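It should be emphasised that the depicted structure is a prediction, and the values quoted were computed from it without experimental measurement. Atoms within a ligand are numbered from 1 in the order they appear, just like the ligands themselves.
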Amino acid sequence: MPAYAVGHKVPDSDSICSAIALSYLKTQIGEDVQPARLGELSPETLFILDKFGFEQPELKMNFADTDGIYVVDHSDRIQGPDDIDNTTVLGIIDHHKLGDITTSTPLECWIRPVGCTNTIIKMMYDFHSVEIPKNIAGAMMCAILSDTVIFKSPTCTTADIKCVEALAEIAGIEDYKALGMEMFEVKSAVAGTPVRELVMRDFKDFNMHGNKIGIGQLELINLNLVDDMKADLQADIAALKTEGDYHSVLLVLTDIMKEGSEVLVVSNNDDLTEKAYGSATVDGKVWIDGIMSRKKQVVPPLQDSLA
Ligand code: MG
Ligand code: MG
Ligand code: MG
């Protein structure tokens, strides 16, 4: 059996493109590594795979009979494979807060505070002097544009920008920002999608000081696109909170042009957002100017406020 590269549950473009790019790199340096995914792909990710001619990675939930896994784009146990204890974690390549995955054997670890896992994987290609094929460069570039919201996210670093420029050149893409906008338009086409599917499209579980917190995010080019659905989205996160026995469920509706987010909130704590962000929730929602990044702006204050 080969080893696998696998991103987080509810895979996003970074998780999928990282798994593909890392598998190719590892194969080039003599390791048998295949990409895998832990769930269904979003329209944005399908757009990227289609654009650059990739098949979907294998849907795989059990890794016990493999040669091990490379964990990409996460390091929280709750976000990774459920049977992670039955396999060997060969490495972690990630750009989030350090999670609670641990190992019993030495591992390869590439963790950097940059905007995207694919930026780190580009560093790995450079380190190993492996040439990046055109189509992999295109997919990696799109993942970075997605994760950094075309460089608008506060998570974006100069390393990410330089990396996109280098990958665009390899992929032969002149106007990468236009391609980025095209991608966000695909991502913003939410009309007609079942409400639960939207809530779960980019959803992550967190264990914050013993409290189970779920945070979903939709990045849209205009929040008007969800005006008609807002009441249904609110009802759905309330239902999800009960079903999943959550302390709180948040749905972050990010307006990538206005560069802020409306957060829909259901919580055991009435003053959750007041304490975490200094803005009170009114009628189950609160607009917070400047908030674009879950990992950098939503999660840390919330985790601190629940301590
Ligand atoms: Mg991700
Ligand atoms: Mg990422
Ligand atoms: Mg994201």
Side-chain angles (χ1 to χ4, degrees), residues 4-23 35-49 56-57 59 69-81 84 91-101 109-124 136 139-157 159-161 163-164 167 180 183-184 186-187 199-206 213-219 250-252 254 256 261 292-300:
Y4 283 86
V6 63
H8 52 76
K9 287 173 183 149
V10 192
D12 59 6
S13 298
D14 188 23
S15 273
I16 296 301
C17 298
S18 293
I20 292 171
L22 183 69
S23 298
R37 62 184 165 97
L38 294 180
E40 295 311 316
L41 302 188
S42 73
E44 180 198 70
T45 308
L46 292 170
F47 168 86
I48 297 171
L49 297 188
Q56 294 192 29
L59 179 66
I69 58 173
Y70 285 96
V71 171
V72 297
D73 197 33
H74 69 288
S75 64
D76 278 342
R77 288 176 62 91
I78 197 170
Q79 295 170 7
I84 193 164
I92 299 175
I93 298 97
D94 189 34
H95 68 127
H96 293 82
K97 76 178 173 68
L98 187 58
D100 51 1
I101 290 175
C109 227
W110 293 71
I111 296 176
R112 301 282 187 281
V114 293
C116 184
T117 306
N118 277 281
T119 300
I120 306 168
I121 294 177
K122 167 75 164 61
M123 296 174 193
M124 296 173 73
I136 290 184
M140 291 171 75
M141 186 199 77
C142 280
I144 302 170
L145 291 170
S146 171
D147 259 18
T148 64
V149 194
I150 322 179
F151 307 154
K152 290 181 184 205
S153 171
T155 60
C156 185
T157 66
D160 300 297
I161 298 171
C163 191
V164 163
L167 293 169
M183 203 171 65
F184 274 94
V186 170
K187 200 173 196 171
V199 169
M200 298 309 296
R201 184 163 280 176
D202 179 7
F203 192 88
K204 284 183 181 169
D205 284 336
F206 297 89
I213 311 288
I215 307 177
Q217 183 173 27
L218 289 175
E219 291 162 331
L250 279 63
L251 183 62
V252 182
T254 302
I256 70 162
S261 298
M292 300 195 64
S293 164
R294 174 171 47 201
K295 74 170 69 61
K296 199 159 180 173
Q297 296 169 300
V298 178
V299 169

Got a sec: is [X] within less than 2.8 Å of the Mg ion (ligand 1) via an N/O/S atom?
X: Asp202; value: no
X: His96; value: no
X: Asp14; value: no

Discussion item. Checking side-chain polar atoms at under 3.5 Å, does Asp76 have a donor or acceptor matched by the opposite partner on His74?
Written reply: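 Checked: Asp76/His74 side chains show no N/O donor-acceptor pair below 3.5 Å.
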Worksheet item: Just wondering, is there an N, O or S atom on Asp94 that's nearer than 2.8 Å to the Mg ion (ligand 2)?
Response: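 Of the N, O and S atoms in Asp94, none lies under 2.8 Å from the Mg ion (ligand 2), which means no.
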Discussion item. Using 2.8 Å as the threshold, say whether any N, O or S atom from Asp12 sits that close to the Mg ion (ligand 2).
Written reply: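 Given the 2.8 Å cut-off, Asp12 does not count as a ligand of the Mg ion (ligand 2).
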Worksheet item: From Ser13 OG over to Glu44 CD, what is the distance, rounded to the nearest 0.5 angstrom?
Response: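 Between atom OG of Ser13 and atom CD of Glu44 there are 3.5 Å.
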Practice prompt. Could you check which N/O/S atom of Asp73 is closest to the Mg ion (ligand 2)?
Written response: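 Of all N, O or S atoms belonging to Asp73, OD1 is the one nearest the Mg ion (ligand 2).
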Worksheet item: Out of the N/O/S atoms in Asp147, what is the name of the one closest to the Mg ion (ligand 2)?
Response: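 It is OD2, the N, O or S atom of Asp147 closest to the Mg ion (ligand 2).
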Worksheet item: Can you find a pair of side-chain heavy atoms, one from Leu38 and one from Pro81, that are under 4.5 Å apart?
Response: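 Yes, close enough: below the 4.5 Å cut-off.
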Worksheet item: Should Met292 and Val149 count as side-chain neighbours, where that means a heavy-atom distance under 4.5 Å?
Response: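 The answer is yes, as the side chains (C-beta and beyond) meet within the 4.5 Å cut-off.
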Discussion item. From the N, O or S atoms in His8, identify the one nearest to the Mg ion (ligand 1).
Written reply: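 Within His8, restricted to N, O or S, the Mg ion (ligand 1) is closest to atom NE2.
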Practice prompt. Of all the heavy-atom pairs spanning Asp147 and Asp14, show the shortest one and how long it is.
Written response: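 Closest pair (atom of Asp147, atom of Asp14, distance): OD2-OD2, 2.9 Å.
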Fill in: Over all atoms of both residues, closest heavy-atom pair of Leu251 and Gln217
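For Leu251 and Gln217, the tightest heavy-atom pair comes out as CD1-N, 4.0 Å.
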